[in-house]
Amino acid sequence: MSLGLQVVAIDGPSGSGKSTLAKGLARALGWRHLNTGAMYRAVTLAFLRSAVDLDSAGQVESALASLELRTDAEERVFLGDEDVSAEIRGPDVEALVSAVSAIPAVRSRLVELQREEARNGPLVAEGRDMTSVVFPDARWRFYLDASVRERAARRKGDFDKAGRDEALPSVEAELERRDALDSSRAHSPLRLVAGVERIDSTALDAQGVLALVLAKIQEDPA
Ligand code: DC
């Protein structure tokens with residue numbers, strides 16, 4: 001019997017609570033947390049800084065060739081030696097990240113880095129294509145969902161905490177825009193694939209989701 005890769009793979013739309021869940025699981029299991037959305041955001045920031053024309057395959061290739069992207073155990077993201085963890089959460093990156101993450105060359109590069117991480121030991125990996133493309137053979141696979149209204153309210157709460165003033169309707173519209181792009185792109189779209197357990201977190205708080213998923217993992221250990 002194959003036990004599968006020592007990976008908990010989590011996908012879901014923006015604001016569904018993937019990062020909070022993945023962080024909590026990683027802490028509870030003593031495993032590393034890989035936030036692949038942060039990796040796509042960091043590439044987007046690097047492209048913005050060097051004004052890469054996304055329609056130019058040559059410019060994309062050379063920007064990827066010089067990319068020095070690294071994440072650490074404290075969940076920080078670096079470009080070279082610079083900690084860009086805060087900057088990748090800003091509106092400029094947010095507006096462009098779906099377009100950058102739809103580029104096949106970007107995805108192949110990041111998928112390579114993500115699989116390399118899994119070779120360094122057990123991992124809780126979250127994103128949009130963890131269960132479908134990057135780790136289809138993960139031992140545990142979950143799709144975390146919630147209503148768009150609830151996701152927008154959570155995202156607005158994050159923005160408020162970060163001192164970013166955004167009205168709820170515009171947060172909701174931005175989420176819907178990104179959901180549509182992330183689910184309709186040709187390459188590795190966000191989707192619920194067969195064999196992956198869908199968890200609806202609309203009516204649950206973060207602790208409730210964590211307890212539910214931990215129980216499922218413990219019911220079915222490696
Ligand atoms: O999870 P997040 O909102 O930080 O992700 C930012 C963007 O990155 C999201 O709009 C889609 C993209 N993404 C992706 O295409 N594949 C992943 N595995 C993770 C994120």
Side-chain angles (χ1 to χ4, degrees), residues 7-23 25-26 33-48 54 60 64 67 69 71 75-77 79 84-118 123-136 138 141-146 148 150-152 154-159 162 164 166 171-193 196 201 206:
V7 168
V8 181
I10 305 169
D11 287 325
S14 307
S16 57
K18 297 184 301 291
S19 293
T20 307
L21 171 63
K23 228 177 279 177
L25 283 175
H33 169 206
L34 185 68
N35 181 336
T36 62
M39 298 171 79
Y40 284 97
R41 285 169 182 267
V43 174
T44 303
L45 178 61
F47 282 18
L48 272 168
L54 301 187
V60 166
L64 285 174
L67 183 74
L69 170 62
T71 57
E75 304 244 351
R76 288 176 304 198
V77 186
L79 284 176
V84 293
S85 314
E87 202 173 345
I88 60 169
R89 303 282 153 201
D92 294 349
V93 168
E94 196 124 313
L96 199 69
V97 64
S98 284
V100 170
S101 59
I103 301 172
V106 170
R107 301 205 73 84
S108 357
R109 178 68 196 284
L110 290 196
V111 167
E112 227 172 78
L113 293 176
Q114 292 156 11
R115 292 193 176 136
E116 213 171 284
E117 286 290 336
L123 205 62
V124 181
E126 50 144 320
R128 302 293 190 291
D129 59 346
M130 298 297 102
T131 61
S132 54
V133 174
V134 183
F135 301 119
R141 293 185 299 160
F142 299 99
Y143 184 99
L144 190 61
D145 214 349
V148 68
E150 174 61 24
R151 293 190 283 117
R154 291 177 191 169
R155 192 44 64 107
K156 176 163 168 46
D158 293 342
F159 288 159
R164 192 171 141 188
E166 302 261 2
V171 176
E172 190 169 325
E174 170 61 20
L175 274 187
E176 284 182 318
R177 183 189 74 85
R178 264 202 308 135
D179 286 354
L181 289 170
D182 295 342
S183 313
S184 65
R185 67 179 176 223
H187 200 305
S188 307
L190 169 67
R191 63 199 171 98
L192 173 60
V193 295
V196 173
S201 76

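Numbers here are sequence positions counted from 1. Counting starts at 1 for both ligands and their atoms, following the listed order.
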Would you give me the side-chain donor-acceptor pairs under 3.5 Å for residues 91-98, sequence neighbours excluded?
residue, atom, partner, partner atom, Å
Glu94, OE1, Arg41, NH1, 3.1
Glu94, OE1, Arg41, NH2, 3.3
Ser98, OG, Asp182, OD1, 3.0

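Scanning for side-chain contact (heavy atoms from CB on, under 4.5 Å) contacts around Arg107 gives Tyr40, Ser101, Asp129, Arg185, His187, Ser188, with sequence neighbours left out. The side-chain contact (heavy atoms from CB on, under 4.5 Å) test applied to Asp179 returns Pro13, Ser14, Arg151, not counting sequence neighbours.
Protein residues with a heavy atom under 4.0 Å from ligand 1 are Thr36, Gly37, Tyr40, Arg41, Arg89, Val97, Ser98, Ser101, Arg107, Gly127, Arg128, Asp129, Met130, Arg178, Asp182, Arg185.
A 4.5 Å side-chain heavy-atom check between Asp158 and Arg155 finds at least one atom pair inside the cut-off.
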Worksheet item: What's the verdict on side-chain contact (heavy atoms from CB on, under 4.5 Å) for Leu54 and Ile103, showing C-alpha distance, side-chain angles and the deciding distance?
Response: CA-CA 8 Å; Leu54 301 187; Ile103 301 172; 4.1 Å; yes
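Taking CG from Leu190 and CE from Met130, the interatomic distance works out to 11.0 Å, rounded to the nearest 0.5 Å.
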